[in-house]
Amino acid sequence: MLLGIALSVLASLLFGGLYYYAVVLHPLQGPAIFGWRIVLGFPLITLGIMLAARWPLVRSLLQRMAREPKLLAGLVVTAHLMAMQMVLFMWAPLNGHGLPTTLGYFLMPLAMVLVGKVVYHEELSRLQWLAVLLAAVGVGHALVRGGDLSWSTAVVVIGYPVYFMVRRTLGVPALASFWVETLCMLPLAVWLLADQPIAQQLAERPMLWALLPLLGLMSALAVGSYLAASTRLPMGLFGLLGYVEPALLFIVSLLIGEHFSSSALFTYGPIALALLALGLDGLRRSQRRAA
């Protein structure tokens, strides 16, 4: 379990580092950074899967896709949904949307709880209901105050639940399907890079020769650590540790100069308490399974 905790924390640190790394990679903008992240990260993800002896999972999924065109179409859809999130992730800190996007990541676990209730008719515990009510207070304050909820918040809060719902319908293994999704993102990544003056950018800033490969390595390690942690930890503890990432994104947003007003505490405060309630609920469920 200690290895799983370490891998989860490492993944959060790497994702937080990628959020800040977008600023380091100037003059590149979000779409170009996404392109490099996919092009350079895909070979490393493939190598990692092979070294971990998980390639049979990928081969099995590819065989299923050949037999089931609907599965192929579904994975193309999830690939585009994930590409939208990844582009936003690298674009937001460069364009004054770091905090709104971070708020989306804070709200995402709560959105997943509501999807479970409304779509899958899952029963909510008292702590989960408390979390939903607290989140509603925070979101309600943001709506009344104005300015705290933006389209970037909505993209994360709505986009990720839709992504996970489609994946759940497809019933595909996480590691193999992520490889296929990344493969599907390659044409988009190459198209975005083809529109960039790459030679000029590298000539103007030679440091990019070193920074870009590190981008691919960080991306591959972040995803690999996250997926490895998900298989080694109880679901409740894994979910609780997942809240480390939005906390780090929040810190990074402040470090790159985004403004956090005192009135925003009435938005983030109730949402933070809601996440705490969800975390406690997850730990309780994990302890019950262990018992």
> Taking side chain as C-beta onward, heavy atoms only, is L75 less than 4.5 Å from S177?
Replying inline: yes
> Are side-chain heavy atoms of Y105 and Y19 found at a separation under 4.5 Å?
Replying inline: no
> Mind checking whether V180 and L72 have side chains closer than 4.5 Å, heavy atoms only?
Replying inline: no
> Is there a donor-acceptor contact under 3.5 Å from the side chain of R54 to the main chain of A52?
Replying inline: yes
> Would you say the side chain of H97 lies within less than 4.5 Å of the side chain of L88, judging by non-hydrogen atoms?
Replying inline: no
> Honestly curious: do V87 and L94 fall in one hydrophobic cluster under the side-chain, below-4.5 Å linking rule?
Replying inline: yes
>> I need the minimum non-hydrogen distance between S8 and A229, along with the two atoms involved.
In response: N-CB, 3.6 Å
> Should N95 and Q29 be marked as a side chain to side chain contact (heavy atoms under 4.5 Å, CB included) after you check the CA-CA gap, both sets of side-chain angles, and the distance that decides it?
Replying inline: CA-CA 9 Å; N95 293 274; Q29 293 298 308; 4.1 Å; yes
> Linking I/L/V/M/F/W/Y whenever their side-chain heavy atoms sit closer than 4.5 Å, directly or via other members, would L255 and V244 fall into one cluster?
Replying inline: no
> Yes or no on side chain to side chain contact (heavy atoms under 4.5 Å, CB included) for L99 and L249, after CA distance, side-chain angles and deciding distance?
Replying inline: CA-CA 8 Å; L99 282 175; L249 300 185; over 6 Å; no
> How close do S225 and L7 get, heavy atom to heavy atom, and via which atoms?
Replying inline: CB-O, 3.5 Å
> Centre of F42's six-membered ring, under 6.0 Å away, within 45 degrees of the axis: is that where NZ or CZ of R37 sits?
Replying inline: no
>> Run the side chain to side chain contact (heavy atoms under 4.5 Å, CB included) test on Y120 and M165 for me, step by step, so that the C-alpha distance in whole Å, both residues' side-chain angles and the decisive distance to 0.1 Å come before the verdict.
In response: CA-CA 10 Å; Y120 300 108; M165 287 167 64; 3.6 Å; yes
> Which heavy-atom pair separates A220 from I45 by the least distance, and what is that distance?
Replying inline: CB-CG1, 4.0 Å
>> Within the 4.5 Å heavy-atom criterion, are M90 and W36 side-chain neighbours or not?
In response: no
> Can you tell me how far CG of L248 sits from CG of L14, rounded to the nearest 0.5 angstrom?
Replying inline: 10.5 Å
> According to a 4.5 Å side-chain heavy-atom criterion applied to Ile, Leu, Val, Met, Phe, Trp and Tyr, with indirect links allowed, do F178 and L71 form part of one hydrophobic cluster?
Replying inline: yes
> Any side-chain heavy atom of M86 sitting closer than 4.5 Å to one from I38?
Replying inline: yes
>> Are the side chains of Y163 and M84 in contact, using a 4.5 Å heavy-atom criterion?
In response: no
> Which atom pair, heavy atoms only, marks the closest approach of Q85 to V155?
Replying inline: NE2-O, 2.9 Å
>> Keeping T102 on the side-chain end and G98 on the backbone end, is there a donor-acceptor pair under 3.5 Å?
In response: yes
> Side chains of E258 and S253: do they bring a donor and an acceptor to under 3.5 Å?
Replying inline: no
With a cut-off of 3.5 Å and sequence neighbours excluded, list every side-chain donor-acceptor pair involving residues 198-217.
| from | atom 1 | to | atom 2 | distance (Å) |
| --- | --- | --- | --- | --- |
| Q200 | NE2 | E204 | OE2 | 2.9 |
| Q201 | NE2 | Q196 | OE1 | 3.2 |
| R205 | NH1 | V24 | O | 2.6 |
| R205 | NH1 | H26 | O | 2.9 |
| R205 | NH2 | V24 | O | 3.3 |

> Once the angle between the rings of W55 and W179 is folded into 0 to 90°, is it parallel (under 30°), tilted (30 to 60°) or perpendicular (over 60°)?
Replying inline: perpendicular
> Hey, mind stepping through F250 and Y268 against ring pair (Phe, Tyr, Trp, His ring centres under 6.0 Å) and telling me if it holds?
Replying inline: CA-CA 10 Å; F250 179 79; Y268 285 88; 5.4 Å; yes
>> For residues F164 and V162: do they belong to one hydrophobic cluster (side chain heavy atoms under 4.5 Å, members Ile, Leu, Val, Met, Phe, Trp, Tyr)?
In response: yes
> Can you say whether the rings of W151 and W91 are parallel (under 30°), tilted (30 to 60°) or perpendicular (over 60°)?
Replying inline: tilted
> Hey, any chance L28 and V39 share a hydrophobic cluster, counting ILVMFWY side chains that come within less than 4.5 Å of each other, even indirectly?
Replying inline: yes
>> Could you report the tightest heavy-atom contact between S152 and T101, atom names first, then the distance?
In response: CB-OG1, 3.6 Å
> Is a side-chain N or O of Q128 found less than 3.5 angstrom from the main chain of S125, in a donor-acceptor match?
Replying inline: yes
>> Any non-hydrogen side-chain atom of L18 less than 4.5 Å from a side-chain atom of F15?
In response: yes
> How far apart are the closest heavy atoms of L170 and R64, and which atoms are they?
Replying inline: O-NH2, 3.7 Å
